[in-house]
Protein chains: 2
Amino acid sequence: MTFEEAKDTFIHTWGTLATQWGISRSMAQLHALLLISPNSLSTEEIMEQLQISRGNASMTLRDLMDWGLISKQLKPGERKEFFWAEKDIWKVARQVAKERRRREITPVVEVLNELKNIPTDTPEAQEFQRVMTGLSNVVGFADSTLNAVIKAEENWLMSQFIKVFR
Amino acid sequence: MTFEEAKDTFIHTWGTLATQWGISRSMAQLHALLLISPNSLSTEEIMEQLQISRGNASMTLRDLMDWGLISKQLKPGERKEFFWAEKDIWKVARQVAKERRRREITPVVEVLNELKNIPTDTPEAQEFQRVMTGLSNVVGFADSTLNAVIKAEENWLMSQFIKVFR
DNA sequence: TTAAACTTTCAAAATATTTTGAAAGTTTAA
DNA sequence: TTAAACTTTCAAAATATTTTGAAAGTTTAA
């Protein structure tokens, strides 16, 4: 496999994995492109390489910055903005875990805790409460796992997992 | 909050969480409905409660069965099929982890391992290999975590996590 | 067998999401 | 200031996904 083939395979595979986990394809592909680029890229270069429009590039770059996965870089003597992705994949994973937890898990935990408190005056309501309690536990577990990933140092995390999940 | 309100809130919240994680809204909502229903439901009842068409109900029920989250039940003397969801949420989580790992993570692990092996004859290719190695580690970590969830007994899993991630 | 009572399939319609590109906005050098 | 070099915004277009419902298929009681 040549380098160019490998690059295309990677950008494509990464985009597919992302859509399966509810992240937009453009965002994943643009992130993939920056991840494997040794130097920062201008909007022009990104548009060219991924064959996307200026508007799309601009919006996707902003989303990636909101997620804290890429940064702007200004080069002396250049008017253009260049973009650069964090390359330490453990940092990337921690950042993604942090954002997803904040945006998606925490709100659900709160709703479930409210729903646990309805009066259990009918058999239906009792069953409902049982299910809410179960979900609350499992979602809480997911929440703690993400939180552990967020707080963890790479080596500590790996060693713990090797210990527990060998 | 009345029981009916709680029920609607739950079906809605669950649908939203699901779409954010790449699971279709109908699938999550139909699953939610069956989860909180004390007895199994016929296709008619499901169509009625969620206001969806017969075709949609039929397809979504099949998807849920493919995911191993619900089963058919035949009632003596009835021609209709009734559907019922596994209520043990830890079992549900294990099943979801198993399916997502099989469908989504394992294929990516394989692709990444291939991509790690391209010749590193240029600086670009070297950078590429570094990133692939990093991703391979992190995705491998996710893979192991899911696998641990799959293999785990509820109590053992909880106790391990309390120990490690307190 | 037949036909009633169901379920499934799938092309077309509806809906949701993503993408485009031109216009508006912003920044900076001179 | 001005105007060139950029970036952002957003309505419209393109595309992708989901949903519908009628037709086809299947099962079962008689």
Side-chain angles (χ1 to χ4, degrees), chain A residues 11-12 14-34 40-67 69-85 103-104, chain B residues 11-12 14-34 40-67 69-85 103-104:
Chain A
I11 291 175
H12 179 259
W14 208 242
T16 302
L17 180 66
T19 52
Q20 286 168 336
W21 289 79
I23 290 161
S24 86
R25 168 169 264 107
S26 318
M27 196 162 139
Q29 290 191 337
L30 179 23
H31 188 221
L33 177 66
L34 287 177
S40 58
L41 298 179
S42 66
T43 306
E44 290 295 337
E45 288 168 313
I46 291 164
M47 287 165 61
E48 230 261 73
Q49 291 232 27
L50 297 179
Q51 292 290 308
I52 60 175
S53 71
R54 187 171 298 284
N56 190 354
S58 171
M59 286 186 299
T60 307
L61 286 165
R62 183 154 63 130
D63 288 346
L64 282 168
M65 285 192 291
D66 289 347
W67 274 77
L69 297 175
I70 66 171
S71 328
K72 269 186 196 170
Q73 188 188 41
L74 294 169
K75 288 196 183 175
E78 295 247 37
R79 288 281 282 281
K80 283 195 277 254
E81 294 173 334
F82 288 77
F83 296 90
W84 166 95
R103 295 171 191 226
E104 299 157 6
Chain B
I11 291 174
H12 179 259
W14 208 241
T16 302
L17 181 66
T19 52
Q20 287 168 337
W21 289 79
I23 290 160
S24 87
R25 169 168 265 107
S26 318
M27 196 163 139
Q29 291 191 337
L30 178 25
H31 188 220
L33 177 66
L34 286 177
S40 57
L41 299 178
S42 67
T43 307
E44 290 294 338
E45 289 168 312
I46 291 164
M47 286 164 62
E48 230 259 79
Q49 291 232 28
L50 298 178
Q51 292 290 308
I52 60 175
S53 70
R54 187 171 299 282
N56 191 354
S58 171
M59 286 186 298
T60 306
L61 286 165
R62 183 154 63 131
D63 288 347
L64 283 168
M65 285 191 290
D66 289 347
W67 274 78
L69 297 175
I70 66 171
S71 329
K72 270 186 195 169
Q73 189 188 40
L74 294 169
K75 288 195 185 176
E78 295 248 35
R79 289 281 283 280
K80 283 195 278 253
E81 293 172 336
F82 288 78
F83 296 91
W84 92 223
R103 295 170 191 227
E104 299 157 6

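In this text, all values refer to a predicted model and were calculated from it rather than measured experimentally. For the numbers below, each heavy atom of this structure counts, side chains included, while hydrogens, waters and symmetry mates do not. Letters A, B, ... are given to chains in the order of the sequence lines, protein chains preceding strands, and every chain is numbered from 1.
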Subject >> Of A:Arg54 and A:Ser24, the one whose closest DNA chain C nucleotide lies more 5' >> reply: A:Ser24
Original post:
Whole Å only: how far is the CD1 atom of B:Ile23 from the P atom of D:dT17?
Top reply: 16 Å
**OP:** Rounded to the nearest 0.5 Å, what's the gap from CD1 on B:Ile11 to CG on B:Leu33? Could you check?
**Re:** 5.0 Å
**OP:** Find the partner of C:dA23: check Watson-Crick (N1-N3 plus N6-O4 or O6-N4) and G-U wobble (N1-O2, O6-N3) distances, both under 3.5 Å, and reply none if neither fits.
**Re:** D:dT8
**OP:** Please report, rounded to the nearest Å, how far the P atom of D:dG21 is from the CE atom of B:Met47.
**Re:** 9 Å
Original post:
Just wondering, more than 12 heavy atoms not from A:Arg62 lying within 6.0 Å of its CZ?
Top reply: no
**OP:** May I have the step-by-step check of side chain to side chain contact (heavy atoms under 4.5 Å, CB included) for B:Ser26 and B:Asn56, ending in yes or no?
**Re:** CA-CA 8 Å; B:Ser26 318; B:Asn56 191 354; 4.0 Å; yes
Hey, what are the protein-to-nucleotides 27-30 of chain C N/O distances that come in under 3.5 Å?
unit_1	atom_1	unit_2	atom_2	d
C:dT27	O2	A:Arg79	NH2	3.2

**OP:** Take A:Ser42 and A:Phe82 through the test side chain to side chain contact (heavy atoms under 4.5 Å, CB included) and record every step on the way to the result.
**Re:** CA-CA 4 Å; A:Ser42 66; A:Phe82 288 77; 3.9 Å; yes
Original post:
So, the side chain of A:Thr19 versus the backbone of A:Thr16: is there a donor-acceptor pair under 3.5 Å, distance only?
Top reply: yes
**OP:** Assess whether atom CD of B:Glu48 is packed by more than 12 heavy atoms of other residues, nucleotides or ligands within 6.0 Å.
**Re:** no
Subject >> Position toward the 5' end of DNA chain D (nearest nucleotide), B:Arg25 or B:Gly55 >> reply: B:Arg25
Subject >> Distance, rounded to the nearest Å, where B:Gln20 contributes CD and C:dA16 contributes P >> reply: 16 Å
Original post:
To the nearest angstrom, how far is A:Gln51 atom CD from C:dT20 atom P?
Top reply: 9 Å
Subject >> Identified pairing partner of D:dT15, criterion: Watson-Crick or G-U wobble below 3.5 Å >> reply: C:dA16
Original post:
Starting at the 5' end of DNA chain C and moving along, which residue's nearest nucleotide shows up first, B:Phe82 or A:Met59?
Top reply: B:Phe82
**OP:** Quickly work out the A:Met27 CE to C:dT17 P distance and round it to whole Å.
**Re:** 16 Å
Subject >> Nucleotide D:dT18, atom P - distance to CG of B:Asn56 in whole Å >> reply: 10 Å
Original post:
Does A:Thr43 place a side-chain N or O at less than 4.0 Å from the phosphate oxygens OP1/OP2 of D:dT7?
Top reply: yes
**OP:** Under a 3.5 Å limit for both distances, which nucleotide forms a Watson-Crick or G-U wobble pair with C:dA29, could you say?
**Re:** D:dT2
Subject >> Pairwise salt bridge (charged side-chain N to carboxylate O under 4.0 Å, His left out) hits with a residue in residues 22-32 of chain B, at least two apart >> reply: none
**OP:** Could you state the atom-to-atom distance from CD of A:Glu78 to P of D:dA5 in whole Å?
**Re:** 13 Å
Original post:
For B:Glu45 and C:dT7, what is the distance between atoms CD and C1' respectively, to the nearest whole Å?
Top reply: 16 Å
Subject >> Distance test, side-chain N/O of B:Ser26 to OP1/OP2 of D:dT18, below 4.0 Å >> reply: no
Original post:
Taking OP1 and OP2 of D:dT9, is either one under 4.0 Å from a side-chain nitrogen or oxygen of A:Arg62?
Top reply: yes
